[in-house]
Amino acid sequence: MTLPSDPLLRASRLRRDPDRPFWYDTDGQLQVQYLTWDRQSGRAYSLLASREWLEHHLERSGHCLVQGMTGERQPVTAEHPRVWREFSQGASRTAQGQCIPGTIVTEVKRSIR
């Protein structure tokens, strides 16, 4: 299971639901949740946080957020050679709210056969 950053969690005073991966603030509002689901291409995982909650706690604690994304897109065909696209991107958000997007890197791949 993926969890929010420990320093962010400790400073936030969030309470975790004892039975599900949900975190609530002191007013009982859902602020963070961890979701998994199955799809044709495999299992997917997401950690979702309320934007307002996250921005407030990043600013208050002086922490920054760094995100990374990698993946691939594959057509479902019997064509040979197979062709697919791999991609990645990073981004960050400063404690003061400045968003700094990274460059998207993408590459077309072909199978050897």
Side-chain angles (χ1 to χ4, degrees):
M1 174 186 247
T2 302
L3 298 173
S5 166
D6 189 53
L8 189 61
L9 251 179
R10 269 186 278 134
S12 71
R13 290 178 281 167
L14 291 179
R15 289 180 298 102
R16 184 178 187 271
D17 185 290
D19 300 317
R20 301 180 304 177
F22 295 171
W23 289 263
Y24 297 90
D25 64 17
T26 55
D27 294 327
Q29 296 294 311
L30 178 64
Q31 298 297 344
V32 178
Q33 59 184 315
Y34 176 73
L35 303 173
T36 62
W37 65 97
D38 294 313
R39 54 185 184 191
Q40 283 185 320
S41 60
R43 194 157 183 89
Y45 308 88
S46 290
L47 181 65
L48 306 174
S50 158
R51 181 178 181 164
E52 293 81 15
W53 174 85
L54 183 60
E55 287 176 345
H56 170 78
H57 284 285
L58 287 174
E59 182 178 345
R60 191 170 137 225
S61 68
H63 286 95
C64 298
L65 175 69
V66 177
Q67 296 177 253
M69 173 184 69
T70 62
E72 62 182 45
R73 296 190 73 110
Q74 294 189 28
V76 182
T77 66
E79 293 179 18
H80 290 285
R82 285 190 45 238
V83 177
W84 69 94
R85 180 176 304 275
E86 292 181 353
F87 56 88
S88 64
Q89 182 179 19
S92 64
R93 182 175 205 82
T94 68
Q96 294 75 32
Q98 181 183 7
C99 196
I100 305 165
T103 302
I104 297 174
V105 177
T106 184
E107 184 177 353
V108 175
K109 301 276 190 155
R110 287 182 169 62
S111 62
I112 298 173
R113 306 192 254 152

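- Of the possible polar contacts, one joining the D25 side chain to the D27 backbone as a donor-acceptor pair under 3.5 Å is found.
- Side chain of D17 to main chain of P21: no donor-acceptor pair is present (N/O by atom type, distance under 3.5 Å, no hydrogens or angles).
- At a threshold of 4.5 Å between side-chain heavy atoms, the hydrophobic network of Ile, Leu, Val, Met, Phe, Trp and Tyr places Y45 and V32 in one connected group.
- Other residues sharing the hydrophobic cluster of L48, ordered by chain and number and joined by side-chain separations under 4.5 Å: F22, Y24, L30, L35, W37.
- Counting heavy atoms from C-beta outward, W53 and E55 have side chains that stay 4.5 Å or more apart.
- At a threshold of 4.5 Å between side-chain heavy atoms, the hydrophobic network of Ile, Leu, Val, Met, Phe, Trp and Tyr places V66 and L47 in two separate groups.
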Going through the checks in order, is the side chain to side chain contact (heavy atoms under 4.5 Å, CB included) test met by E107 and F87? CA-CA 7 Å; E107 184 177 353; F87 56 88; over 6 Å; no
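- In terms of heavy atoms, R15 sits closest to G28 at NH2-CA, 4.1 Å.
- For Q98, the side chain to side chain contact (heavy atoms under 4.5 Å, CB included) test picks out T94, I100, with sequence neighbours left out.
- Annotation for W84 and R110: closest pair CZ3-C, 3.9 Å, computed over non-hydrogen atoms.
- Residues meeting the salt bridge (Lys or Arg N to Asp or Glu O under 4.0 Å) test with E86, sequence neighbours left out: K109.
- Rounding to the nearest 0.5 angstrom, the gap separating the CG atom in L65 from the OG atom in S92 is 8.0 Å.
- With rounding to the nearest 0.5 angstrom, the CD atom of E52 is 11.5 Å from the NE2 atom of H57.
- One N or O on the side chain of Q89 and one on the backbone of G102 form a donor-acceptor pair closer than 3.5 Å.
- Within the model, atoms OG1 of T106 and CD of E72 stand 11.5 Å from one another, a figure rounded to the nearest 0.5 Å.
- A pairwise comparison of heavy atoms in P101 and A91 identifies CA-CB, 4.1 Å as the closest pair.
- With values rounded to the nearest 0.5 angstrom, S50 atom OG is found 11.0 Å from H56 atom NE2.
- Here R93 contributes atom CZ and C99 contributes atom SG; the two are 5.0 Å apart, rounded to the nearest 0.5 Å.
- Under the 3.5 Å distance criterion, with hydrogens and angles disregarded, no donor-acceptor pair is assigned to the side chains of T26 and R13.
- More than 12 heavy atoms of other shown residues, nucleotides or ligands fall within 6.0 angstrom of atom CZ in R43.
- Y34 places none of its side-chain heavy atoms less than 4.5 Å from the side chain of R20.
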